[in-house]
Every structure is written in C-alpha cells, then in structure tokens.
There are 2 protein chains.
Amino acid sequence: MEYVGSASAEAFITQTRRRRVYDENREFKSKNLDAERRRRQKLSDRLLTLRSLVPIITNMNKATIVEDAITYIEKLQSTVKALSDKILELESSLELEEAGMPRIIEIDAAEEMKKHGIEEDVEVTNIDGSKLWIRIIFANKRGRITKFLEAMASHGFELSDTNVTTSKGATLISSCVKGVYSYKLEVEQMRELLQEIITSM
Amino acid sequence: MEYVGSASAEAFITQTRRRRVYDENREFKSKNLDAERRRRQKLSDRLLTLRSLVPIITNMNKATIVEDAITYIEKLQSTVKALSDKILELESSLELEEAGMPRIIEIDAAEEMKKHGIEEDVEVTNIDGSKLWIRIIFANKRGRITKFLEAMASHGFELSDTNVTTSKGATLISSCVKGVYSYKLEVEQMRELLQEIITSM
DNA sequence: TTATACACGTGACAC
DNA sequence: TGTGTCACGTGTATA
C-alpha cells in the first residue's frame, strides 16, 4: 500500500514512518492486530458453518459459499411456500370430506356394533332365476351406503325394494337384485361379490 | 507487515525492495490488485444479497450476516420438515376419508342430476297423528345417506319401511317417520327440518 | 507461466 | 477513550 499514490497510502506512509521512528526497527505492531485476527477467524468460522448447512456446494470459495447459501435459501423459501399451499389445499379438502363429522364416530360405530353383538353379515337368497334377495349388515361408515349402491350399479345389477336401516352403529340393507345384462344369477357368486364390495369399502 | 519479524514479512521486504528498485519510486502495483479488488467486491455483494434474503437481521456485520443466515437456514429446514410431516399426516387422513372415491364423482352427480331434469325435493304426508310419510330427493354425496339417517335419529325420529334408490346422480329416500318422544308431528315442521338437514349435509 | 483465492497487517472510521 | 469493523494492497500457495 505504501507505494501506491492514493491518499490513504500517503497517510499510511506518513504514520508508518512516524511509528517506525518510535519503534526503531521491526518491533511495531498495530493496536488492533489481535482484534482483526479474531474478526477474520470469526467470519471464516461462520462461513464454514454456513457451508456445512448447504447441501449443494459448487465450490469452496468464500464468495461461492455465500452464493450457494443464497440459492439454497431461495429454494427453501419456495419449498416452504409450496408446502404451505399444499397444506392449505389438503386442509380444505379434508374439511369438505369431513363436513362436521369426525372420524371417531366411525370407529365408535364398529365398537358399538360389537358391544351389541351385531356382526357383519351377508345373506343371499334365490327368488327366481333372474332375481335374488340380499340382506347385508355392516358397520356405519361415511359414504358406505352410496358406495355400495354405486358398486352394485357398476356391476350391472339393478336394485329394487331396497330397505335401509341404521341402528347401533350398524347398517342393514335388504333388497331385491336383478341382473341388467345377464339373466342367470348364482347365489354363491353374488355372496362373494357382496363380501368383496363390503371389505373394499 | 514489513515491520513484523515473521518469515513472510522477511520475504515481503525482500521482494518489495527488489520491486522498488525496478519501479524506481511510488509507481509499483501488485499484479493481482485488480483481481483482489474484484474478489472483495464480489464477496461483499453476495453478503449483501444474503442479508436481503434473511428476514431477521441482528447486525450489519459480515460475520453477523452469515450468522443470521445460518440460524435462518436452520429455521427454514426445520419448517420444511414440519410441513412435510404435516402433509404426510394430512394425506394419510385424506386417504382414509376418501377410501378410493375421488370427489369429482360428487360434482358429476349434481351435474348429471341436473342433466336429467331431476331436482332436489322434499315431500311430507300425514298418515296419522303420530306417523308421517316422507320422500326426499337429493344429489349423491358421499356419506349423505348415513348423515341423514343419523340426523333423523338424533332428532328423535324413528324410520321404518325406509326405501333407498340411487339413480342418475340422485338419491331418493322414502320412509315412514315416527316420533320417539312426541306423538304430535306437524307436516310443515317436518318439511322444514328435512330441508335444513339436507342443506347442512 | 498465468490466474485465482486466501490470510495477513494496516489506517480509517464509528460508537 | 478504546473497541470493533471495514477496505485496502500485498505475498504466497494452488492449479
């Protein structure tokens, strides 16, 4: 610095030469030398810690460390925003789903059913070659009745004289079943289908 | 540095003096002066950018900027983890709720119903002083039948000869209603209650 | 050799 | 007052 023609360099030369006279030779130390050392080491340590936090390191430069930290923070911020948005979306979905009916009621339904000695059941009886009568009992569960009705419809069965009763956590459905496409309805086949539908609900 | 008795200081003095001889006086510039200037400015700029990204600034020091960035990154990381956990929890809840039935079917239900000219309806007819016959039509919606049955039960009404039919996005329920606690059942009162139950579902 | 990054000691400045 | 922070120019090591 002392050989550059800038103003600060001139000042430096002046003071240094003054100092040099005081200290005679090779003994002068700046007053803030230790403080400056501490400062430098502190910054270096922090940068090292910062680097350890950032997963993607492109280079070991001080500037690059900070640069990577910047992009990482930006990524984290956008991630937080995206996750928050997703949570809001999920929460509104859940509210629509629940619509004031906590899931605990469903659990209680199965327990209450068991308490009253009611068990899930499927009965199928033949009326004539193209018509069956069914009677099923299952635990109350939100949407189960509709799901059952839609499952039967999607399998090509038409329900008539359907009777629904819910009591003590259980739902009882009795109905006549007619095949829309086929005229032959096997009892055992229908029983298995009903079991399958209920367990999948 | 040139007045400190360290090895590097000795080397510095040596080379400087050599250079000084070449440059005569006050004209010597280090070869990497510009590069060093650029490097310092780059790091400073990055630190400034980093500071602008961190919301909580305790101090303007370089070390403090990095320190704040560190705590901010740690906070962001834990936030991301917490949000991810919450999303997983919400998603599993949603899966339990939905159990394989997308909500779009519900929306289509109302549309299909309208397409076929079916409208929501509530009819109440008196059978005798303690018995009413009801017939309601509403759009298919997961859990609506169960909710309706439970709402009626919680209002102290007993359903008998209940008949449920679902077709073209609509659910039709016809049933006899008997009051468990009171023997007087007003037709208009029941109609309003049913409307209230349906709109709240 | 050249180019790049770093640590160093220092003067200036702020509080 | 001194204590801490900064930018500066430099020598050196690495590639």
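Lettering of chains follows the sequences in order, A, B, ..., and the numbering in each one begins at 1.
Between the P atom of D:dC6 and the NZ atom of A:Lys62 lies a distance of 12 Å, rounded to the nearest Å. For B:Glu36 and C:dA3, the CD to P distance is 16 Å, given to the nearest whole Å. Regarding B:Asp34, its CG atom lies at a distance of 14 Å from the C1' atom of C:dT4, rounded to whole Å. Atom pair A:Leu43:CG and C:dC8:C1' shows a separation of 14 Å (rounding to whole Å applied). In this entry the distance linking CG of B:Leu33 with P of D:dC8 reads 10 Å, nearest Å.
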Name the pairs: protein N/O against N/O of nucleotides 1-4 of chain D, kept only if under 3.5 Å.
{"residue": "D:dG4", "atom": "OP2", "partner": "A:Arg38", "partner atom": "NH2", "Å": "3.3"}

Quiz: residues 56-67 of chain B side-chain donor-acceptor pairs under 3.5 angstrom, not counting sequence neighbours:
{"residue": "B:Thr58", "atom": "OG1", "partner": "B:Asp68", "partner atom": "OD1", "Å": "3.2"}
{"residue": "B:Thr58", "atom": "OG1", "partner": "B:Asp68", "partner atom": "OD2", "Å": "3.1"}
{"residue": "B:Asn61", "atom": "ND2", "partner": "B:Thr64", "partner atom": "OG1", "Å": "3.2"}
{"residue": "B:Glu67", "atom": "OE1", "partner": "A:Arg46", "partner atom": "NH1", "Å": "2.8"}

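Contact annotation: B:Arg39 does not reach the phosphate of C:dT4 (side-chain N/O to OP1 or OP2, under 4.0 Å). Phosphate proximity of C:dA7 to A:Arg37: absent, as no side-chain N or O sits under 4.0 Å from OP1 or OP2.
Salt-bridge check for A:Arg38 with A:Asp34: failed, with every basic side-chain N at 4.0 Å or more from each acidic carboxylate O. Salt-bridge annotation for B:Glu91 and A:Lys86: present, with a side-chain N of the basic residue lying under 4.0 Å from a carboxylate O of the acidic one. For the pair A:Arg40 and A:Glu36, the salt-bridge criterion is met [side-chain N within less than 4.0 Å of a carboxylate O]. The pair B:Arg191-B:Glu188 meets the salt-bridge criterion, since a charged nitrogen lies less than 4.0 angstrom from a carboxylate oxygen.
For B:Glu192, the salt bridge (Lys or Arg N to Asp or Glu O under 4.0 Å) criterion is met by no residue, not counting sequence neighbours. The side-chain contact (heavy atoms from CB on, under 4.5 Å) test applied to B:Ser84 returns A:Leu83, B:Val80, not counting sequence neighbours. Judged as a side-chain contact (heavy atoms from CB on, under 4.5 Å), and not counting sequence neighbours, the contacts of B:Gln41 are B:Asp45.
A residue-by-residue look at B:Ala63 and B:Arg40 shows that B:Ala63 has its nearest nucleotide of DNA chain D further toward the 5' end.
A heavy atom closer than 4.0 Å to some atom of DNA chain C occurs in no member of residues 46-59 of chain A.
Side chain to side chain, B:Gln77 and A:Tyr72 meet the donor-acceptor criterion of an N or O pair below 3.5 Å.
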